[in-house]
Amino acid sequence: MLYYSTNKQSPKVNFKEATILGQAPDRGLYYPERIPTLSKDFVSNYKGWSNQAIAFQMIRPYVGDTIPPVMLNKIIAETINFEFPLVQVDENIFALELFHGPTLAFKDVGARFMSRCLGHFVRGMKKEVTVLVATSGDTGGAVASGFYEVEGVSVVILYPSGKVSNTQELQLTTNGKNIKALEVSGTFDDCQQLVKQAFADSDLTKQLFLTSANSINVARWLPQQFYYAFALKQWKEKNPPVIAVPSGNFGNLCAGLLAYKSGLPVQHFIAACNANDVVPNYFRSGDYKPKPAISTLSNAMDVGNPSNFIRILELFNHQFNSLKNAITSYSISDETTKQVIRQVYAEQQYLLDPHGAVGYISLKEYLRNHEAIKGIFLGTAHPVKFHDAIEPLIGKDIDLPGSVEHLLEKKKHSIKMDPEFSNLKEILLSQ
Ligand SMILES: *Cc1c(COP(=O)(O)O)cnc(C)c1O
């Protein structure tokens, strides 16, 4: 399998090169030159297979011969060594809980898969690879946990001081070993700017082998297809489900659409957004107009120019009408999100996190106009990650899962720095 750049000005590369490079040199996103079809055997029998066997069959064509099958199997086993339960919430609504991994958010799957692929690719290389990543909260923890103790790779995470939650900060500052956290006295945008400057600095790129672990990397994007097969494997209803995906950068939804195009039965997709409504507006008007992100309760979805949307357009050959047939999009306010978290907890004893809640509400809205259909929303984060926002709504404290309790006993290690590029450069070169 080869990948082309969506800007079409860079040479095609294989999975290994796309993983190491992250973004294409022409600043486009790598995109597979064909979408594989799942075999007849897969489609008829996967419900009886292990998650690991399903994942292997789905990802194999994308990886090609860049990773030997035995190694790929090992990588997959380490990537998905936790549960993905489908839980009934209402009569016609189910949650696929993707938050039982080490950092309690669905990004664990992509981060773990990518870290191990990169670890495999750099084995035997003379230079250590430095993964440089800026985080507004969730990505940092998932990347830190995913890359922890991966040989040949060191990780430097930049995060805005005082602007991530306590749990998130502990997840990215307590690892030690090959993970370094830089606490920047500035905003997320400052962090991202510093990372961009580092990639453009010839002193740094000459001396270090720098790469990024952000969500456009194919090795983070493609394994998200697994969720959809894991959901369908547990689906007992006669008709295929509608699936609602809480969306920010649209990597997860785009992976679901890939799985669908490869042959998984899905009735319809829902792009569930918060007040950042660039995509819902596009579906309404046909005009794609990025705008600055606004802050909401579901902060991991606060994106004003979703980087993966171009891949969704590519998947539908930029045909607006076929896109509209497959996807419906909603924008949900914080007010409604809070009200529904409270209501679903009171009536169904099910606790939604703000991101999952946006998915639930969008699905409910769609089902109101499509009776006799059932659906699934993706629970992308554990509610405990947002306990400050949720506890006042339900009027009680949320129990901490073991993994968080364990974190609270650990000591934070960060290097404080002002958002000056010279500081970052010095830290990177002195490693
Ligand atoms: C990152 C994230 C999302 C958005 O996923 P995309 O693939 O960027 O659309 C949704 N929910 C949570 C909890 C996240 O961390």
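Just follow the structure's listing: the first ligand is 1, and inside any ligand the first atom is 1. Given the structure is predicted, the values throughout are model-derived calculations rather than measurements.
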* Is the distance between the ring centroids of Phe94 and Phe377 less than 6.0 Å? -> no

* To do: For the pair Lys8 and Glu314, find out whether any cationic side-chain nitrogen is under 4.0 Å from an anionic carboxylate oxygen.
  => yes

* Asked: Name the residues in contact with ligand 1, where contact means a heavy atom under 4.0 Å away: which are they?
  -> Phe106, Lys107, Asp138, Pro246, Ser247, Gly248, Asn249, Phe250, Gly251, Asn252, Ala300, Met301, His355, Thr380, Ala381

* To do: Mind checking the CG-CZ spacing from Leu98 to Phe84? Nearest 0.5 Å is all I need.
  => 7.0 Å

* Asked: Say you draw a straight line from CD of Gln88 to NZ of Lys374; how long is it, rounded to the nearest 0.5 Å?
  -> 6.5 Å

* Decide whether Asn274 and Thr296 meet the rule of one side-chain donor and one side-chain acceptor closer than 3.5 Å. => yes

* **Residue list, side-chain contact (heavy atoms from CB on, under 4.5 Å) with Gln319, at least two apart or on another chain** => Asn317, Ser322

